[in-house]
Each structure stands twice: as C-alpha cells, then as structure tokens.
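Each remark here refers to the structure printed beneath this line.
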Amino acid sequence: MSQQIEAAKKLAAFTAVDNHVKPTDKFIGIGSGSTVPYVVDRILQQGEEVNKDRIFLPTGFQSRQLIVNGGLRLGDVSQYTHIDVTIDGADEVDSNLNCIKGGGACQLQEKVLAEAANTFIVVADFRKKSSILGTSWKQGVPIEVAPGAYAPMLERLKKMGSPNAALRMAKMKAGPVVTDNGNFVIDAPFSEEDYKNPKELLVKLKMLTGVVEVGLFCDMAKAAYFGNEDGSVSVRWSDGKTEEVQAH
Ligand SMILES: O=C[C@H](O)[C@H](O)[C@H](O)COP(=O)(O)O
C-alpha cells in the first residue's frame with residue numbers, strides 16, 4: 001500500500017510539472033509535504049540549462065532544504081512578489097478544488113505563495129480526492145494561531161461547532177508544535193454542514209482574534225492532480241472539467 005501511495009504521489013507531481021512548469025517560467029513556488037519532493041525531482045530533470053535562470057521560492061524550512069539541496073537558486077517572496085507557478089500538496093481537496101492544508105503546519109507561507117502565483121496547482125495521491133472536505137481528513141482544519149491567543153480561541157472554536165478542537169502537540173518534544181513563524185496550530189474538525197460551505201467557514205475563522213492563517217484554501221487552485229493506484233492521473237480543473245490522463 002505505501003509503495004502504491006508513493007507511486008501515486010510521484011505520478012501526480014511529475015504530470016503536474018510536465019503540464020505547468022514551462023521553460024519560460026522563471027519564478028516558481030515550492031510547497032511543503034511528502035509529495036513536493038517529487039515536484040522538485042521532476043523540475044531538476046528539466047535540466048541545468050532551463051533551471052539556471054530560475055528562482056525558487058520556499059513555503060517553509062522543508063522546501064527551502066529541497067531547493068538548496070537540489071542546487072537551485074533560492075529566492076524570497078519579499079523580493080519576488082509575482083510567481084509564475086506554485087505547486088503544492090494538500091491534505092484533502094473537494095470537488096470545487098477547495099483544499100484543507102497545513103497537515104505539516106506550513107499553511108501561512110503556503111497561502112502567501114499560492115496567492116502570489118499566476119497559477120496555483122495542487123498535487124496529491126488518490127486518498128486526498130473527495131467531494132466534501134472532512135470526508136477522509138478527520139483531523140480538522142489547521143489554524144495557525146498567535147501563542148498568546150490559543151486558550152481563549154480553543155473555547156471560541158468549541159462554541160462555534162468544533163467541540164474537539166485541539167492544540168497540535170509536538171512529537172519528540174514536550175509541548176506544542178511551533179510553526180516556522182513561531183506560532184501554534186489548532187486542529188479544528190467541523191461538521192459536514194460547515195465543510196459544505198468552506199468559504200463561509202474560512203471567513204468565520206479568519207475573524208477570530210489571534211488567528212494568523214487558516215488551512216482552508218478556497219478558489220485558489222487552477223487544477224488538482226491526483227495520482228491513482230492504476231498508474232493514471234485524475235485532473236480536476238477550476239472550471240469544473242475533469243480528465244483522466246495516462247502518465248508517461
Ligand atoms: O503544511 C503542510 C502542507 O499543507 C502539505 O502540503 C499537506 O499537508 C500535504 O502534504 P503531503 O503531500 O505529505 O500529503
């Protein structure tokens with residue numbers, strides 16, 4: 001199973017790079033997570049000639065390492081505010097391309113780079129493809145929160161329909177996960193009713209004092225690529241079209 005999942009991630013990433021990272025693209029956003037290393041692998045396969053004039057912008061510590069270790073040129077979104085294409089993973093994607101992101105606590109910088117990009121593309125394996133958010137991703141919406149606000153915010157979230165909202169705790173370290181920006185993360189699961197209207201939920205959550213960013217990405221992706229177990233790739237487009245492509 002895990003081999004199939006890895007193969008599916010790689011298929012999605014390779015196909016998305018082949019279709020969306022053009023030789024003329026100079027500013028490229030690199031997302032976070034376990035699917036994105038395959039994105040970088042495929043970009044490297046495009047060759048030194050095409051990559052030597054490109055600048056790659058990271059969404060966090062992990063993607064910065066991928067860029068540096070790949071010998072690619074690292075840039076910062078504070079200097080390069082217009083990105084040609086950003087490719088990133090997702091925890092779940094609904095039929096309208098709304099995504100839950102932030103399973104790796106990188107949602108703030110990921111959203112900055114998705115928004116700054118002319119084209120934002122999502123890559124994932126078949127497990128992430130849903131009709132409604134919350135179907136397979138039960139952990140909830142990752143909410144990055146200023147450390148001083150987490151306790152009252154947990155109470156607010158519980159009253160807002162997320163009784164199991166919880167502070168994300170670190171593994172191999174006592175205490176909470178601390179994001180690349182020095183904040184905490186709350187994971188807040190919501191009802192199917194709420195997930196049916198992710199944009200409304202996003203607006204409600206962003207209004208809470210202390211929220212830095214919410215891991216709901218609505219109306220942002222142009223396409224989502226899902227690697228399948230049978231070696232095909234399903235593509236969902238923002239205009240509602242879907243297609244199955246055979247990977248090369
Ligand atoms: O914060 C992490 C990101 O939103 C990831 O892109 C997301 O968790 C998906 O990661 P993976 O490719 O490992 O499923």
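Counting from 1, the numbers follow the sequence of the chain as shown. Counting starts at 1 for both ligands and their atoms, following the listed order. This structure is a prediction, so every number in the text was calculated from the model and none was measured.
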| query | Parallel, tilted or perpendicular: which fits the ring planes of H20 and Y225, with parallel below 30° and perpendicular above 60°? | reply | perpendicular
| query | Atoms of ligand 1 less than 4.0 Å from K101 heavy atoms? | reply | 3 (C), 4 (O), 5 (C), 6 (O)
| note | With L44 as partner, the option from V39, V17, L72 fulfilling side chain to side chain contact (heavy atoms under 4.5 Å, CB included) is L72
| request: Only heavy atoms count here, so choose which of E110, R127, K111 is nearest to atom 4 (O) of ligand 1. | output: E110
| field | Proximal atoms of ligand 1 relative to T35 (non-hydrogen, under 4.0 Å) | value | 11 (P), 12 (O)
| remark: Nearest non-hydrogen protein atom to atom 13 (O) of ligand 1, with distance, is S34 OG, 2.4 Å
| request: Give a yes or no on whether a salt bridge exists between K196 and E192, defined as a side-chain N under 4.0 angstrom from a carboxylate O. | output: yes
| query | Roughly how far, to the nearest 0.5 Å, is the CD1 atom of I87 from the OG1 atom of T59? | reply | 12.0 Å
| query | Which atoms form the tightest heavy-atom contact between P198 and L133, and what is the distance? | reply | CB-CD1, 4.1 Å
| Salt bridge between R236 and E243, side-chain N to carboxylate O under 4.0 Å? | no
| field | Polar atom proximity, Q107 to ligand 1 (N or O, under 3.5 Å) | value | no
| task | Flag G104 as yes when one of its N or O atoms lies below 3.5 Å from any N or O atom of ligand 1, and as no otherwise. | result | yes
| ligand 1 atoms in contact with K128 (distance to a heavy atom under 4.0 Å) | 11 (P), 14 (O)
| said: Residue-level breakdown please: for P142 versus ligand 1, do any non-hydrogen atoms fall below 4.0 Å on the side chain, on the backbone, on both, or on neither? | reply: neither
| said: Applying a heavy-atom cut-off of 4.0 Å, say which part of A105 lies close to ligand 1: side chain, backbone, both or neither. | reply: backbone
| message | I'd like to check which ligand 1 atoms, numbered from 1 as shown, lie under 4.0 Å from a non-hydrogen atom of D91. | response | 7 (C), 8 (O), 9 (C)
| message | Tell me the nearest of S32, A13, A12, G89 to atom 5 (C) of ligand 1, using heavy-atom distances. | response | S32
| query | Between D88 and ligand 1, which residue portion shows a heavy-atom distance shorter than 4.0 Å: side chain, backbone, both, or neither? | reply | side chain
| Going from CZ on R64 to CG on D180, what distance comes out if it is rounded to the nearest 0.5 angstrom? | 7.5 Å
| According to the interplanar angle, ranging from 0 to 90°, do the rings of F14 and Y38 count as parallel (below 30°), tilted (30 to 60°) or perpendicular (above 60°)? | perpendicular
| task | Could you grab the distance from atom CZ of F226 to atom CG of D125, nearest 0.5 Å is fine? | result | 9.5 Å
| request: Could you tell me whether G33 and ligand 1 have an N or O pair separated by under 3.5 Å? | output: no
